[in-house]
Every structure is written in C-alpha cells, then in structure tokens.
Amino acid sequence: MEVGFLGLGIMGKAMSMNLLKNGFKVTVWNRTLSKCNELVAHGASVGQTPAEVVKKCKITIAILSDPAAALSVVFDKDGVLEQICSSKGYIDMSTVDPGTSCKISEAITSKGGQFLEAPVSGSKQPAETGQLVILAAGEKALYDAAVPAFGILGNKSFFFGQVGNGAKMKLVVNMIMASMMITFSEGLVLADRSGLNPHDLLDVLDLGAIANPMFKGKGPAMLQNNYSPACPLKYAQKDMRLALALGDENALPMPVAAAASEAFKKARSMGLGDLDFSAVFETVKVLKHSS
Ligand SMILES: NC(=O)C1=CN([C@@H]2O[C@H](COP(=O)(O)OP(=O)(O)OC[C@H]3O[C@@H](n4cnc5c(N)ncnc54)[C@H](OP(=O)(O)O)[C@@H]3O)[C@@H](O)[C@H]2O)C=CC1
Ligand SMILES: O=CC(=O)O
C-alpha cells in the first residue's frame with residue numbers, strides 16, 4: 001500500500017518509519033525538507049510540496065504541530081487542496097480543536113475527497129513501537145481503508161462517528177493528563193518539602209490504585225531534572241487551551257483544568273516550551289520555594 005506522510009516531527013518521523021519498516025511505500029514531506037533525509041535512507045520517496053504528495057498518493061496522512069500548521073498545509077499555496085479529488089483521502093492525525101478539523105473536512109469534501117481526523121493518544125515511545133491509540137472520526141470508508149496502516153501505527157483504533165468527535169476525545173484525554181501532571185508535581189514537591197523521600201512516593205504510588213504509566217515513566221526522570229522531550233510542553237499548553245475552549249462552548253466550569261492551564265502557561269513563559277511537558281514540575285518547585 002502507498003501512503004503520503006506530511007510532518008516528520010517527533011511523532012511523524014516515528015510513525016512514517018514504522019510504515020516503511022512494515023512494507024508500505026511512503027512518500028514524505030516536511031516543511032524543513034532536510035528532515036526527510038533519514039526516511040529516504042530507509043526507502044521513502046520525497047514530495048517537494050504537500051500538493052505533490054497528494055498527487056502521487058491515494059491516501060495522505062498528516063501530523064503537524066497545531067491548528068495553524070494543520071490549516072496551512074491544507075489551504076496554503078502548494079497545499080493539499082490543490083490536488084485532493086474524488087479518488088483520494090486525507091487523514092489528519094494532529095491534535096487540533098473540532099472547529100479546525102471541521103473546516104479542513106469541509107474543504108476536502110467540497111473537492112470530492114474523503115476526510116478523517118485521527119489524533120492519537122500516546123507519545124514518542126508508543127509512536128516508535130506502534131502502540132498508539134487512534135481516535136478517528138469522519139468518513140467511515142476512509143477509516144476502513146486506513147485500517148491496515150492504523151494496525152501498524154497503533155494497538156487500538158476507535159471510530160467515533162462525525163468529524164470533531166476524535167478531536168474532542170483527544171482534548172478530553174489530554175486535559176486529564178495535563179491536570180494529573182500538576183497534581184503529581186505538587187505531590188513530589190510536598191513529599192520532599194515535608195521530609196519524605198520522593199523516590200519512596202513513586203514506589204508507593206506504583207503499588208496503589210492510582211498507579212499509571214505516566215507517573216512510572218516520567219517520575220524518575222523528573223526527580224533528576226531530565227525533561228528530554230517526548231511530548232513538548234508547548235503542545236500540552238496548546239491542548240489545555242483548546243480543552244478549556246471546548247469547556248467554554250459547553251458552559252462547563254473546569255476550575256482544576258483552568259488552574260493547570262495557568263501552570264503550563266507559566267512554564268512556557270519560563271522558556272520551557274520545547275522540553276517535555278513534565279517540565280511543568282519546575283513551576284511547582286519555584287512556587288513552593290518562593291512561598
Ligand atoms: N509528541 C507527543 O508526545 C504527541 C504529540 N501529539 C500531537 O501531534 C502533533 C505533532 O507533535 P510532535 O510530532 O511532537 O511535534 P513536533 O514539534 O516534533 O513536529 C511538528 C511538525 O509540524 C510541522 N510544522 C509546524 N508548523 C508548520 C507549518 N506552519 N507548516 C507546515 N508544517 C509545520 C513541523 O515542521 P518543521 O520540522 O519544519 O518544524 C514538524 O513536522 C501535535 O499536534 C501534538 O499535539 C499527539 C500525541 C503525542
Ligand atoms: O499528547 C500526548 C499523549 O501522550 O497523548
């Protein structure tokens with residue numbers, strides 16, 4: 001099967017590499033074209049523009065940083081819209097808001113193309129090992145056609161019906177995840193400041209009802225101030241912003257998420273945006289020390 005792939009960041013590079021290693025023919029494009037070289041060394045072809053990739057491939061997948069990037073790759077000159085047509089499908093796996101996804105869907109379908117949003121739960125390592133959870137919505141026929149690729153990229157795919165539902169599910173999941181990271185950070189600092197060993201806290205948490213891969217995977221690195229990016233903090237802050245907007249649209253008060261969002265904003269203002277989102281721990285450390 002031949003697919004196009006737009007966006008070779010942390011996620012896109014790992015995902016397109018997985019497709020290549022599992023026998024897919026892949027044509028890649030990245031805004032910074034030099035990032036295509038590693039994929040080419042593993043057998044990928046390169047398109048010079050998103051339009052060129054779509055022209056060549058029946059199905060094109062994208063995973064880009066944020067709503068502005070997702071829109072730009074579709075609507076700008078040499079973008080997806082220039083070549084999308086009735087025999088082609090476009091799958092956007094970026095984390096965006098439902099409105100952005102609907103705008104892209106309307107443009108693609110107005111040209112006769114098929115559209116699926118398919119954001120993913122899971123980070124750098126699940127992307128590398130093909131263990132993502134795929135949260136799709138949109139054109140069911142395109143979902144069915146993409147199942148072989150989704151089977152390589154993830155260990156479970158969901159189909160949630162109309163466009164927007166995949167984006168909403170992803171934002172709810174990440175809202176919970178980012179809020180949990182703040183509570184976890186406060187717990188680590190509280191343990192330390194009250195004379196406990198935070199490593200003991202990690203052991204205790206891991207044996208109880210709230211054990212989870214995030215605490216287990218990120219906790220030890222956080223205690224060493226190691227924030228090598230798997231999920232960049234700037235994206236966690238973007239997701240909180242989009243989740244709060246979803247809450248706003250639904251008139252839902254979310255005081256915990258709102259407070260967590262402020263902490264992620266603070267972390268960005270401290271220059272931590274390109275580090276892993278667990279670097280929000282630094283804002284909690286600062287607050288506790290200054291009080
Ligand atoms: N990292 C993670 O753990 C996870 C991330 N996500 C989501 O997946 C998406 C990608 O994340 P990730 O791979 O980590 O991000 P990266 O920052 O590593 O990569 C971002 C990609 O978007 C491209 N890009 C940015 N702006 C533009 C633009 N204006 N036009 C064209 N291309 C653009 C970048 O191109 P260039 O190389 O030229 O900068 C790059 O290919 C985000 O929506 C994120 O929220 C979802 C689950 C987990
Ligand atoms: O967006 C990040 C994730 O782990 O999901």
Side-chain angles (χ1 to χ4, degrees), residues 4-18 28-39 46-51 53 60-80 91-98 100-101 104 117-136 153-156 158 166-167 169-181 212-218 227-243 264 268 273-280:
F5 209 103
L6 311 179
L8 302 177
I10 293 172
M11 300 298 285
K13 178 182 152 190
M15 292 160 73
S16 53
M17 194 70 89
N18 266 341
V28 295
W29 172 85
N30 193 69
R31 179 180 61 174
T32 309
L33 273 175
S34 58
K35 289 193 190 168
C36 298
N37 295 347
E38 196 178 337
L39 278 298
V46 179
Q48 296 300 312
T49 64
V53 174
T60 298
I61 296 171
I63 184 157
L64 303 154
S65 52
D66 55 19
L71 290 166
S72 154
V73 161
V74 171
F75 289 95
D76 285 1
K77 184 172 177 309
D78 297 324
V80 170
I91 303 176
D92 192 349
M93 304 187 82
S94 318
T95 302
V96 298
D97 56 296
T100 295
S101 217
I104 293 172
E117 61 178 2
V120 295
S121 186
S123 192
K124 182 172 187 251
Q125 199 197 2
E128 287 168 347
T129 55
Q131 304 275 303
L132 295 168
V133 178
I134 295 165
L135 311 173
L153 301 175
N155 56 11
K156 176 76 184 167
F158 291 87
M169 183 62 79
K170 173 63 181 166
L171 294 179
V172 173
V173 169
N174 274 27
M175 185 267 279
I176 296 170
M177 183 178 76
S179 301
M180 278 173 64
M181 179 54 81
N212 70 73
M214 184 173 82
F215 293 173
K216 193 181 173 78
K218 296 199 187 280
Y227 308 115
S228 171
C231 181
L233 187 143
K234 62 188 174 192
Y235 296 147
Q237 190 258 322
K238 173 244 321 172
D239 296 347
M240 289 306 274
R241 171 168 51 84
L242 301 179
F264 280 95
R268 275 193 88 169
D274 290 327
L275 299 181
D276 190 71
F277 78 105
S278 52
V280 76

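Order of listing sets the numbers, starting from 1, for every ligand and every atom in it. Since this is a predicted model, take the numbers as computed values, not measurements.
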S.K.: A68 to ligand 1: N or O pair under 3.5 Å?
M.R.: no

S.K.: Quick check on contacts: which atoms of ligand 1 are under 4.0 angstrom from a heavy atom of A230?
M.R.: 1 (N), 2 (C), 3 (O)

S.K.: Mind checking whether M15 and M93 have side chains closer than 4.5 Å, heavy atoms only?
M.R.: yes

S.K.: Heavy atoms only, cut-off 4.0 Å: how does N174 contact ligand 2, side chain, backbone, both, or neither?
M.R.: side chain

S.K.: Please classify the L8 to ligand 1 contact at 4.0 Å (heavy-atom distances, strictly less than): side chain, backbone, both or neither.
M.R.: backbone

S.K.: Decide yes or no for I91 and I61: does some side-chain heavy atom of the first lie under 4.5 Å from some side-chain heavy atom of the second?
M.R.: yes

S.K.: With a 4.5 Å heavy-atom cut-off, do R31 and V73 have their side chains touching?
M.R.: no

S.K.: Tell me whether the count of non-hydrogen atoms from other residues, nucleotides or ligands lying under 6.0 Å of CD in Q125 goes above 12.
M.R.: no

S.K.: Report the nearest protein non-hydrogen atom to atom 39 (O) of ligand 1: residue, atom name, distance rounded to 0.1 Å.
M.R.: R31 NH2, 2.9 Å

S.K.: Between K238, K170, K124, K35, flag the one that comes closest to atom 37 (O) of ligand 1 by a heavy atom.
M.R.: K35

S.K.: Which atoms of ligand 1 have any heavy atom of G7 under 4.0 Å away?
M.R.: 41 (O)

S.K.: Less than 4.5 Å apart, any side-chain heavy atom of L39 and any of M17?
M.R.: yes

S.K.: What residue and atom, counting heavy atoms only, is the protein's closest point to atom 20 (C) of ligand 1, and at what distance?
M.R.: Y235 OH, 3.7 Å

S.K.: Is there a polar contact, in the sense of an N or O pair closer than 3.5 Å, between C231 and ligand 2?
M.R.: no

S.K.: Which is closest to atom 31 (C) of ligand 1 in terms of heavy atoms, L71, V173, V73?
M.R.: V73

S.K.: May I ask you to list the atoms of ligand 1 that are less than 4.0 angstrom from any heavy atom of P232?
M.R.: 1 (N), 14 (O)

S.K.: Could an N or O of ligand 1 be found under 3.5 Å from any N or O of S65, whether backbone or side chain?
M.R.: yes

S.K.: For atom NZ of K13, is the number of surrounding heavy atoms from other residues, nucleotides or ligands below 6.0 Å larger than 12?
M.R.: no

S.K.: When only distance counts, is D66 in polar contact with ligand 1, meaning an N/O pair under 3.5 Å?
M.R.: no

S.K.: Evaluate the criterion side-chain contact (heavy atoms from CB on, under 4.5 Å) for residue pair V53 and L6; output intermediate values, then yes/no.
M.R.: CA-CA 8 Å; V53 174; L6 311 179; 3.9 Å; yes

S.K.: Could you tell me whether ligand 2 has any atom less than 4.0 Å away from a heavy atom of K170?
M.R.: yes

S.K.: Within a distance under 4.0 Å of any heavy atom of I63, pick out the atoms of ligand 1 and give their elements.
M.R.: 8 (O), 9 (C), 10 (C)

S.K.: Within the 4.5 Å heavy-atom criterion, are Q237 and V280 side-chain neighbours or not?
M.R.: no

S.K.: In the protein, what heavy atom is nearest to atom 13 (O) of ligand 1, and what distance, to one decimal place, separates them?
M.R.: M11 N, 2.8 Å

S.K.: Please assess M180 against N212 for the test side-chain contact (heavy atoms from CB on, under 4.5 Å), listing each intermediate value before the final yes or no.
M.R.: CA-CA 11 Å; M180 278 173 64; N212 70 73; 3.5 Å; yes

S.K.: Which one of D276, L64, L132, V120 has a non-hydrogen atom at the shortest distance from atom 43 (O) of ligand 1?
M.R.: L64

S.K.: Considering only protein heavy atoms, which is closest to atom 7 (C) of ligand 1, and at what distance to one decimal place?
M.R.: T95 OG1, 3.5 Å

S.K.: Looking only at protein heavy atoms, which one is nearest to atom 41 (O) of ligand 1, and how far off is it?
M.R.: N30 OD1, 2.6 Å

S.K.: Determine whether L233 and Y227 make a side-chain contact, defined as any pair of heavy atoms from C-beta on separated by less than 4.5 Å.
M.R.: no

S.K.: Could you check whether atom CE of M169 has more than 12 heavy atoms from other residues, nucleotides or ligands sitting under 6.0 Å from it?
M.R.: no

S.K.: Write out the residue and atom name of the closest protein heavy atom to atom 19 (O) of ligand 1, then the distance separating them to 0.1 Å.
M.R.: G9 CA, 3.3 Å

S.K.: Can you tell me how far the CG atom of L8 sits from the OG atom of S16, to the nearest 0.5 Å?
M.R.: 5.0 Å

S.K.: I'd like to check V133 versus N155 (side-chain heavy atoms, cut-off strictly below 4.5 Å). Are they in contact?
M.R.: yes

S.K.: Should M181 and K218 count as side-chain neighbours, where that means a heavy-atom distance under 4.5 Å?
M.R.: yes

S.K.: Out of T32, D76, I10, L242, who gets a non-hydrogen atom closest to atom 36 (P) of ligand 1?
M.R.: T32

S.K.: Using a 4.0 Å cutoff against the non-hydrogen atoms of M177, which atoms of ligand 2 qualify?
M.R.: 2 (C), 3 (C), 4 (O)

S.K.: Any idea which of S123, C231, G122 brings a heavy atom closest to atom 47 (C) of ligand 1?
M.R.: G122

